[in-house]
Structure formats: structure tokens, C-alpha cells
Peer 1: 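Would you mind keeping the following structure in view while I ask a few things?
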There are 2 protein chains.
Amino acid sequence: MSLAQLKYFVAVAEEGNVTRAATRLRIAQPPLTRQIRSLEEELGVPLFERTARGVRLLPSGETMLAHARAILAQVDAAVVAVQAGAPVQTEAPPSVRSR
Amino acid sequence: MSLAQLKYFVAVAEEGNVTRAATRLRIAQPPLTRQIRSLEEELGVPLFERTARGVRLLPSGETMLAHARAILAQVDAAVVAVQAGAPVQTEAPPSVRSR
DNA sequence: AGATCCAATACCGTTTGGATATGGCTCACG
DNA sequence: CGTGAGCCATATCCAAACGGTATTGGATCT
């Protein structure tokens, strides 16, 4: 799993359409289709339902979407914190923290 | 920035020694050195101080280490949640959340 | 039925990542 | 001191991953 894959996944989920997501990501549709498929295979869980009009998130996809957004936000926060030279402490969010 | 890079960074930080970290990661030392360097360049911030005995975290590295661990933990949590089929909600941790 | 829209597959070139070989520097120790 | 050991950095090569183009198959809407 890569951060790019997570970014791609979020874009597809938001667009509901691989082709439009690809345009938004400034990559071509076929590689995007492959990255999504590869993510599903790595997780061992399908994330989207394919329809003739595009794709729709499955429940597992909804779960992944929330996590993916949290991860990407945390990456952004890390960059900001490090570049600001701030000694920030991090912790896992309550909903995903190990109990 | 990639998740692999973050994993590598954490290993180097924990070992304080690129060669030992490479062994632990089961990759060779030169590619690990390059990945660390590339991460520092991407961030525009040095993370380690190089000494004759190994490497030591700089303050910016300490900050990054906390964030990197949080990110990797969140990735693990995402995998577990999705594979468990659980509709978990995620949120950013307070210390890194946008205010 | 035909046009359209969409994801999927096949194939290719480029880029990235890891391995091996080697150099240079610093510290430990006689 | 000087010699050897340990460690990071650099150079070069090979393999794997990524993105692009071309094209196909299938579903929907006139």
C-alpha cells in the first residue's frame, strides 16, 4: 500500500467515476484502474461496486475512505510540523487507537 | 514521500545506525541511505546528524519520528478495520488536528 | 439497433528501488 | 602515532513498479 494509492482511492471515491478521478489526478484512466484493483487485492477486500455508470463505494470502501483521509491528513500535518520546526506530539485518534 | 520511507526512517531512528537498520529491514545499506536522504530532501529539513559512530536524531527528526509512528499505526488500523468489515469512523488526533 | 460512456486488458517506455562494489572518514587501541 | 575496524556515502547495474497509448467489452439511453 502506498500513499499515492490512498490519494487515488479517495479521488475515485469522491468522483464515483474512475475516468473523472484520473483527470483530476492528472494521470490516465488505465493506471488508475490498476492501482485501485491492486489496493483491493492487497487488502483482500473489494472497495467498490462497478456499475455501468461508474463505481460506488461498498461498506468496506466507506470504512477505508475514512481511514485514508485520516492518514493523508496526518501526513500533511507531519510535513507542516517538521517544516515549522515544531516539537509536536502525535497520537492515534480515539476511533482507531488500540485499546 | 512513501510509507516505505516512513518505515525505513523509523527503523533508522530506533537503531541509531543505518547499517543495523538495513539488516533489520532486510535491505542493503546503500539504498537505505538514499531513501533517508531523499526523505530529508523532500521535507527540506535534515532529520539526522551523522556521526562517526552512526546517526542521531535532530529535533526535527524527533518530531518526524512521532508523526511517522502515528501514520504507520493508522495504516495498520485501517487494514484491520477494513478486513474486519467494521464501519469505523476515523478522526485526526488532537495534537495534529487542524484547528 | 446504434451511439455513447465507462471500466478493463494488453503492451510499451521510463522511472524508481534494491544489490554489489568501493571509497573516505573517524574513532579505538596497541 | 599508526593501524585496523566500523560506518555512512557514492557509483554503477539490474529488476520491479508506474504511467501512457491503444483497444476491447459491456451496459445504458435514445
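To find a chain, count down the sequence lines: A is the first, B the second, and so on, and within it residues start at 1.
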Peer 1: Sequence neighbours excluded, which residues qualify as ring pair (Phe, Tyr, Trp, His ring centres under 6.0 Å) partners of Phe9(B)?
Peer 2: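 Once residues adjacent in sequence are excluded, the partners of Phe9(B) under the ring pair (Phe, Tyr, Trp, His ring centres under 6.0 Å) criterion are Phe48(B).
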Peer 1: Could you pull out all residues at least two apart from Arg37(B) that satisfy side chain to side chain contact (heavy atoms under 4.5 Å, CB included)?
Peer 2: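 Listed in chain order: Glu41(B).
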Peer 1: Going by side-chain hydrogen bond (donor to acceptor under 3.5 Å, both in side chains), name the residues that satisfy it together with Glu14(B), two or more places apart in sequence or in a different chain.
Peer 2: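 For Glu14(B) the side-chain hydrogen bond (donor to acceptor under 3.5 Å, both in side chains) partners, ignoring immediate neighbours, are Arg24(B), Arg69(B).
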Peer 1: Using side-chain hydrogen bond (donor to acceptor under 3.5 Å, both in side chains) as the criterion, list what pairs up with Arg20(B), not counting sequence neighbours.
Peer 2: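 For Arg20(B) the side-chain hydrogen bond (donor to acceptor under 3.5 Å, both in side chains) partners, ignoring immediate neighbours, are Glu15(B).
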Peer 1: Atom CD of Glu15(B) and atom C1' of dC8(D): how far apart are they, to the nearest Å?
Peer 2: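 The distance from CD of Glu15(B) to C1' of dC8(D) comes to 15 Å, rounded to the nearest Å.
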Peer 1: Restricting to side-chain hydrogen bond (donor to acceptor under 3.5 Å, both in side chains), what partner residues turn up for Thr23(A), sequence neighbours left out?
Peer 2: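 Result, side-chain hydrogen bond (donor to acceptor under 3.5 Å, both in side chains) vs Thr23(A): none returned.
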Peer 1: Quick one: list whatever passes side-chain hydrogen bond (donor to acceptor under 3.5 Å, both in side chains) with Thr33(A), sequence neighbours left out.
Peer 2: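 Thr33(A) satisfies side-chain hydrogen bond (donor to acceptor under 3.5 Å, both in side chains) with Gln29(A) only.
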Peer 1: Quick test of your reading: applying ring-ring contact (aromatic ring centres under 6.0 Å, His included), list the pairs with at least one residue in residues 15-40 of chain B, sequence neighbours left out, ordered by first then second residue.
Peer 2: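 Pairs touching residues 15-40 of chain B that pass the test: none.
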Peer 1: Atom CZ of Phe48(B) and atom C1' of dA9(D): how far apart are they, to the nearest Å?
Peer 2: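 Rounding to the nearest Å, CZ of Phe48(B) and C1' of dA9(D) are 15 Å apart.
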Peer 1: Which ones in residues 28-40 of chain A lie close to DNA chain D, meaning a heavy atom under 4.0 Å from one of its atoms?
Peer 2: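 Heavy-atom cutoff 4.0 Å gives Ala28(A), Pro30(A), Pro31(A), Arg34(A), Gln35(A).
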Peer 1: Expressed in angstrom and rounded to an integer, what is the separation of Ile27(A) atom CD1 from dA17(D) atom P?
Peer 2: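 Answer to the nearest Å: 17 Å.
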Peer 1: If you look only at pairs with a residue in residues 46-60 of chain A, which of them pass as a salt bridge (charged side-chain N to carboxylate O under 4.0 Å, His left out), with sequence neighbours excluded?
Peer 2: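 Pairs touching residues 46-60 of chain A that pass the test: Glu40(A)-Arg50(A), Glu49(A)-Arg56(A).
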Peer 1: Check every strand shown and say whether Tyr8(B) touches a base, only sugar-phosphate, or nothing at a heavy-atom separation below 4.0 Å.
Peer 2: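 Sugar-phosphate, backbone atoms only, no base.
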Peer 1: Please list, chain by chain and in numerical order, all residues satisfying side chain to side chain contact (heavy atoms under 4.5 Å, CB included) with Glu42(B), sequence neighbours excluded.
Peer 2: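 Glu42(B): side chain to side chain contact (heavy atoms under 4.5 Å, CB included) contacts with Met1(B), Gln5(B).
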Peer 1: Give each protein N/O atom lying under 3.5 Å from an N/O atom of nucleotides 4-7 of chain D, with the pair distance.
Peer 2:
residue	atom	partner	partner atom	Å
dC7(D)	OP1	Asn17(B)	ND2	3.3

Peer 1: How long is the straight-line distance from OG of Ser2(B) back to CD of Gln35(B), given to the nearest 0.5 Å?
Peer 2: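 Interatomic distance, Gln35(B) CD to Ser2(B) OG, rounded to 0.5 Å: 6.0 Å.
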Peer 1: Figure out the CD/P separation between Glu41(A) and dT9(C), and round it to whole Å.
Peer 2: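 The distance from CD of Glu41(A) to P of dT9(C) comes to 10 Å, rounded to the nearest Å.
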Peer 1: Based on the rotation axes of five pairs at each end, what angle does the helix from dA1(C)-dT30(D) to dG30(C)-dC1(D) bend through, to 10°?
Peer 2: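 It comes to 30° between the two terminal axes.
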Peer 1: Is the backbone of Leu43(B) close enough, under 3.5 Å, to the side chain of Gln83(A) for a donor and an acceptor to pair up by distance?
Peer 2: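 Checked: pair present.
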Peer 1: Could you state the atom-to-atom distance from CZ of Arg56(A) to P of dT28(D) in whole Å?
Peer 2: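 Nearest whole value for this atom pair: 11 Å.
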Peer 1: Whole Å only: how far is the CG atom of Leu25(A) from the P atom of dG20(D)?
Peer 2: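 To the nearest whole Å, that distance equals 10 Å.
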